Amino acid sequence: MTKRKIHVAVVGAGAFGGWTALYLLRGGARVTLIDAWGPGNSRASSGGETRIIRGTYGPDQPYTELAARALRLWQANERKWKRQFLYRIGVLWMAAGSDDGWERGSLAMLKNSKIPHQRLSTRELVKRWPQINFEGVEWGIFEPESGFLTAREACRGVVEAFIGEGGTYPYQQAAVRGDDLESGQWKALRLSDRSELRADRYVFACGPWMGRLFPQTIGNKIRSTQQDVFFFGTPAGDSRFDECNLPVWADHRGRFMYGIPGNQGRGFKIADDTRGPDFDPTYGERKISDERLRLAREYIAFRFPGMKNAPLVEARVCQYEQTPDSHFIIDRHPSADHVWLLGGGSGHGFKHGPALGELVAKLVLEERDPKPYWRLAR
């Protein structure tokens, strides 16, 4: 007789949930995936055009190694699917001499994880990218094989692959009715279309909605914050600011600003990583902040003089799902061992999707314990 497959229900088809569902399926489980608005939707933390993939993360953390694994898995899955989501245009980190402990601490981590990188002096930076004003920058880290990912396209691609490999995605727009989830005594998930979903194990990867579904266990351990993203138009006929001539960049001097050139024709992307005000991901009006726009214009005129007075061509309001310490949450529900909680991407989770999905699938299927820095008890 054939052994009955474990049935796992995954709630949330974003970067964490979609990849976890795929690797659970590849691990031999029967998997059902659901999402309230579909993969890569405009309310999701995983939506939007692009996300950075990089290994520079400072000292003493698990994410450089996780990013190295993710880079390999993105490439392997792209080959398998004959699709491209990862664009290796490089990532440049600008370090201020007076406050560069974070960048210095990253170098050993990058080396140990075998992520290609170069330490560049100011002279080398100016020679390579003369279109950037490097005032206040003493040196930099360049990751030539890192870059950016197409976010919305990747989320949809993962779910398409999940279905193609035998996964079940029947409830394309069904939300979980979460009024009794905390008890751990329920036998099936009640859905918004009045149907029920029954499984052996459950994974909740619901981004900024985790605190609402689990107000006692998660609550404000995940805070949804408004993050404004701006796309500026580059000068006509000037290729200095597109992805062929400029890498993804991040500037830790003062406010943490970052950007992605080109964005497949959408414009020169720039954003402030500073956590914004609390934001309701379901009902919040996605209107950009005038003050954030002013700061972005001021910064771009300083750091990229050739982009001074560039017109704003698009803007987005997304959100971070922020934990107090910026670590992810990967753990069992304290009242139900068969229920797993996965979230808290904290503005840096998307890139890790395939590596995290692979890791969580093993935890769920093999009943292992997560690392202490990801557990709720921390």
Side-chain angles (χ1 to χ4, degrees), residues 42 47-54 56 87-96 120 122 124-137 140-143 146-153 225-277 279 285-320 347 350:
S42 294
E49 277 65 44
T50 50
R51 296 291 187 279
I52 297 172
I53 182 163
R54 41 88 179 187
T56 300
Y87 292 81
R88 295 177 183 265
I89 66 170
V91 176
L92 171 65
W93 289 83
M94 307 179 206
L120 302 176
T122 308
E124 291 170 312
L125 292 170
V126 171
K127 184 178 180 180
R128 191 173 296 193
W129 297 290
Q131 65 272 56
I132 303 177
N133 168 27
F134 286 105
E135 181 181 333
V137 177
I141 299 173
F142 181 56
E143 299 178 35
S146 300
F148 71 88
L149 298 154
T150 49
R152 184 185 296 110
E153 288 182 19
T225 63
Q226 176 175 334
Q227 305 299 140
D228 296 343
V229 179
F230 306 103
F231 299 84
F232 290 95
T234 57
D238 188 343
S239 63
R240 291 177 300 160
F241 302 101
D242 65 25
E243 61 264 46
C244 298
N245 295 303
L246 199 64
V248 173
W249 52 270
D251 186 354
H252 254 154
R253 186 191 61 88
R255 302 176 78 90
F256 179 14
M257 307 293 287
Y258 68 92
I260 303 175
N263 281 277
Q264 300 179 309
R266 305 199 80 92
F268 188 91
K269 177 179 177 178
I270 181 172
D272 184 347
D273 193 59
T274 307
R275 276 35 176 181
F279 185 75
E285 294 282 343
R286 295 178 183 261
K287 298 177 181 177
I288 61 170
S289 154
D290 289 339
E291 175 62 13
R292 287 269 178 132
L293 176 57
R294 184 191 68 78
L295 289 170
R297 288 190 186 281
E298 187 179 274
Y299 178 84
I300 205 170
F302 166 72
R303 189 61 82 196
F304 300 92
M307 289 285 292
K308 186 178 181 180
N309 299 322
L312 180 69
V313 292
E314 287 191 35
R316 295 279 188 279
V317 172
C318 61
Q319 70 270 325
Y320 285 169
F350 189 94

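These numbers were taken from a predicted model, which means no experiment stands behind them.
Residues that satisfy the salt bridge (Lys or Arg N to Asp or Glu O under 4.0 Å) test with E285, not counting sequence neighbours, are absent from this structure.
Using a distance-only test at 3.5 Å, with no hydrogens or angles considered, a donor-acceptor pair links the side chain of K269 to the main chain of T50. Looking at Q319, its side chain never comes within 3.5 Å of a backbone N or O of G276 through a donor-acceptor pair. Listed for the S42 side chain is no donor-acceptor partner under 3.5 Å among the backbone atoms of G47. Under the 3.5 Å distance criterion, the side-chain polar atoms of Q131 are left unmatched by any main-chain donor or acceptor of L246.
With respect to the salt-bridge test (charged N to carboxylate O, under 4.0 angstrom), the residues D273 and R275 qualify. We find that E124 and K127 are not joined by a salt bridge, their nearest charged nitrogen and carboxylate oxygen being 4.0 Å or further apart.
Listed here is the closest heavy atom pair of V317 and R286: O-NH1, 2.9 Å. For P261 against P247, the heavy-atom pair with the smallest separation is CD-O, 3.5 Å.
Taking CD from Q227 and OG1 from T274, the interatomic distance works out to 8.0 Å, rounded to the nearest 0.5 Å. A distance of 8.5 Å separates CG in D228 from CG in L293, rounded to the nearest 0.5 Å. Separating the CZ atom in R292 from the CZ atom in F230 is a distance of 7.5 Å, to the nearest 0.5 Å. Rounding to the nearest 0.5 Å gives a distance of 11.0 Å between CD1 of I141 and OG of S146. For the atom pair CH2 (W129) and CG (L92), the distance works out to 5.0 Å, reported to the nearest 0.5 Å. Atom CD of E49 is separated from atom CG of L149 by 13.5 Å, given to the nearest 0.5 angstrom.
Side-chain contact check for Y299 versus R255: every heavy-atom pair is 4.5 Å or farther apart. Inter-residue side-chain proximity for I132 and V137 is flagged as unmet; no heavy-atom pair is nearer than 4.5 Å.
Among residue pairs with one or both ends in residues 300-314, those qualifying as salt bridge (Lys or Arg N to Asp or Glu O under 4.0 Å) are D251-R303, R266-E314, E314-R316; sequence neighbours excluded.
The aromatic rings of F241 and F304 lie perpendicular to each other, with more than 60° between the two planes, well past the 30° mark.
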Under the ring pair (Phe, Tyr, Trp, His ring centres under 6.0 Å) rule, what do F268 and F232 come out as? Steps first, then yes or no, please. CA-CA 5 Å; F268 188 91; F232 290 95; 7.8 Å; no
